Amino acid sequence: MIYRFTFSCEEGSQDFRRVFEADPDATFLELHEAILKSVDYPDDQMTSFFLCNDEWEKGQEVTLVEMDSNFEYDNMVMNETRLSDLIEEKGQRLIYVFDPMFERYFFGSLKEIKPGTMNGVECVESKGKAPKQLKSEDPLAGIGSKGGNDLDLDDEFRDELDLGDIDMEGFQDLSFDDGTMF
């Protein structure tokens, strides 16, 4: 039997799609490597697969490397987990996290289970341009550093603070002396 997966993304070109055919005994690592090759991404991110329900809510995670286990699910690692261990029926949804910092995904679905045999995973259709793997904006750029045009929060806001601007109502009952805060 051969699994046929389709992956798409809400970013990048409108017609972005990758179709893979896979041996059900292939590992999630083989699917991961085929996805990266098909979009020309380097293999330097902590990517993951998540099984999803019909509303794309995350379920079981399959990680690139072993990590602390979520109490709800067993820890599964890509190189030890076969596709058929978790995916058994047509329509099964999964997401592939290609940018873990900004939680950007490829949305995948098992479109077909067809007769035949093959080894590994192969991209059989490549349409459209994939989005850049990593977003270029860094949300922490310049915070707390000195020099250049970087922002130093202490210097920037020290002169701006006026205690008269703070509404003290509700704060008068707070006391850190009696231990009731924690």
Side-chain angles (χ1 to χ4, degrees), residues 2-53 56-87 92-111 118-153:
I2 297 173
Y3 284 176
R4 187 174 177 91
F5 294 96
T6 300
F7 284 85
S8 60
C9 186
E10 294 175 351
E11 301 177 43
S13 66
Q14 294 283 338
D15 61 346
F16 172 79
R17 183 176 62 206
R18 297 294 185 269
V19 178
F20 300 90
E21 290 190 347
D23 177 353
D25 288 331
T27 64
F28 276 86
L29 181 63
E30 291 173 274
L31 180 57
H32 156 80
E33 290 169 343
I35 291 171
L36 292 179
K37 183 178 177 184
S38 78
V39 293
D40 199 27
Y41 290 168
D43 190 3
D44 62 355
Q45 297 298 309
M46 292 300 297
T47 60
S48 295
F49 286 96
F50 286 91
L51 297 183
C52 299
N53 63 19
W56 295 103
E57 295 171 330
K58 293 178 186 176
Q60 174 68 55
E61 180 178 18
V62 183
T63 59
L64 186 57
V65 296
E66 191 162 346
M67 304 183 69
D68 289 337
S69 180
N70 180 329
F71 68 91
E72 194 173 342
Y73 299 105
D74 292 334
N75 187 23
M76 303 192 96
V77 183
M78 288 184 200
N79 69 340
E80 298 173 357
T81 308
R82 302 208 177 282
L83 297 173
S84 61
D85 291 344
L86 298 175
I87 299 172
Q92 173 64 56
R93 292 181 174 190
L94 65 156
I95 58 175
Y96 174 73
V97 181
F98 65 88
D99 180 357
M101 176 68 107
F102 289 96
E103 292 195 24
R104 295 166 58 226
Y105 315 128
F106 291 141
F107 295 89
S109 177
L110 180 59
K111 292 294 186 183
M118 68 176 294
N119 291 319
V121 179
E122 181 181 337
C123 182
V124 296
E125 183 182 327
S126 179
K127 187 175 180 187
K129 186 176 178 182
K132 290 186 183 226
Q133 183 177 19
L134 303 175
K135 284 192 172 187
S136 59
E137 63 264 14
D138 179 357
L140 304 178
I143 294 179
S145 61
K146 297 270 186 193
N149 293 329
D150 290 342
L151 174 67
D152 184 330
L153 292 178

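Computation of the quantities below employed the complete heavy-atom set of this structure, encompassing side-chain atoms and omitting hydrogens, waters and symmetry-equivalent molecules. The structure displayed is predicted, hence computed values, not measured ones.
- The environment of CG in Asn53 is crowded: more than 12 heavy-atom neighbours from other residues, nucleotides or ligands sit within 6.0 Å.
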Mind running side-chain contact (heavy atoms from CB on, under 4.5 Å) on Val124 and Arg4 for me, showing each step along the way? CA-CA 9 Å; Val124 296; Arg4 187 174 177 91; 3.7 Å; yes
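- Distance check, rounded to the nearest 0.5 Å: CD of Glu57 to CG of Leu51 gives 13.5 Å.
- Using a 4.5 Å heavy-atom cutoff, the side chains of Val77 and Leu64 are not in contact.
- The residue from Phe49, Phe5, Tyr41 that alone fulfils the side-chain contact (heavy atoms from CB on, under 4.5 Å) condition with Ile35 is Phe49.
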Step-by-step side chain to side chain donor-acceptor pair (under 3.5 Å) determination, Tyr105 to Lys58: CA-CA 12 Å; Tyr105 315 128; Lys58 293 178 186 176; 3.1 Å; yes
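- In this structure, the side chains of His32 and Val121 stay at 4.5 Å or more apart for every pair of heavy atoms.
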Using ring pair (Phe, Tyr, Trp, His ring centres under 6.0 Å), reason through Tyr96 and Phe107 one step at a time and then give a plain yes or no. CA-CA 7 Å; Tyr96 174 73; Phe107 295 89; over 10 Å; no
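- Minimum interatomic distance between Phe16 and Cys9 (heavy atoms only, all atoms of both residues): CD2-N, 3.6 Å.
- Separating the OG atom in Ser48 from the CD atom in Glu103 is a distance of 10.0 Å, to the nearest 0.5 Å.
- A distance of 13.0 Å separates CG in Leu31 from CD in Glu122, rounded to the nearest 0.5 Å.
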With side-chain contact (heavy atoms from CB on, under 4.5 Å) as the criterion, how do Cys52 and Ile95 come out once you've worked through the C-alpha distance, each side chain's angles and the decisive distance to 0.1 Å? CA-CA 7 Å; Cys52 299; Ile95 58 175; 3.8 Å; yes
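- Taking NZ from Lys127 and CZ from Arg17, the interatomic distance works out to 5.0 Å, rounded to the nearest 0.5 Å.
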Show your reasoning for whether side-chain contact (heavy atoms from CB on, under 4.5 Å) applies to Tyr3 and Leu83. CA-CA 9 Å; Tyr3 284 176; Leu83 297 173; 4.2 Å; yes
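- A 4.5 Å side-chain heavy-atom check between Arg104 and Pro131 finds at least one atom pair inside the cut-off.
- Between Arg93 and Trp56 there is a side-chain heavy-atom pair separated by less than 4.5 Å.
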Going through the distances and angles, do Ser126 and Arg18 end up as a side chain to side chain donor-acceptor pair (under 3.5 Å)? CA-CA 5 Å; Ser126 179; Arg18 297 294 185 269; 3.1 Å; yes
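- Residues Phe7 and Val19 have side chains not in contact (no heavy-atom distance under 4.5 Å, counting atoms from C-beta outward).
- The CE atom of Met118 sits 12.0 Å away from atom CG of Asp25, with the distance rounded to the nearest 0.5 Å.
- Other residues, nucleotides and ligands contribute over 12 non-hydrogen atoms within 6.0 Å of the CG atom of Asp44.
- A distance-only check finds a donor-acceptor pair linking the side chain of Ser84 to the backbone of Pro24 [under 3.5 Å].
- By the 4.5 Å heavy-atom criterion applied to side chains, Asp99 and Thr47 are not counted as neighbours.
- At a threshold of 4.5 Å between non-hydrogen side-chain atoms, the residues Lys37 and Cys123 do not count as touching.
- In this structure, the separation between CG on Leu94 and CD1 on Ile87 is 5.0 Å, given to the nearest 0.5 Å.
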Apply side-chain contact (heavy atoms from CB on, under 4.5 Å) to the pair Thr27 and Met78, showing each step before the final yes or no. CA-CA 6 Å; Thr27 64; Met78 288 184 200; over 6 Å; no
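- Under the 4.5 Å side-chain criterion, counting only non-hydrogen atoms from C-beta, Glu61 is not in contact with Met76.
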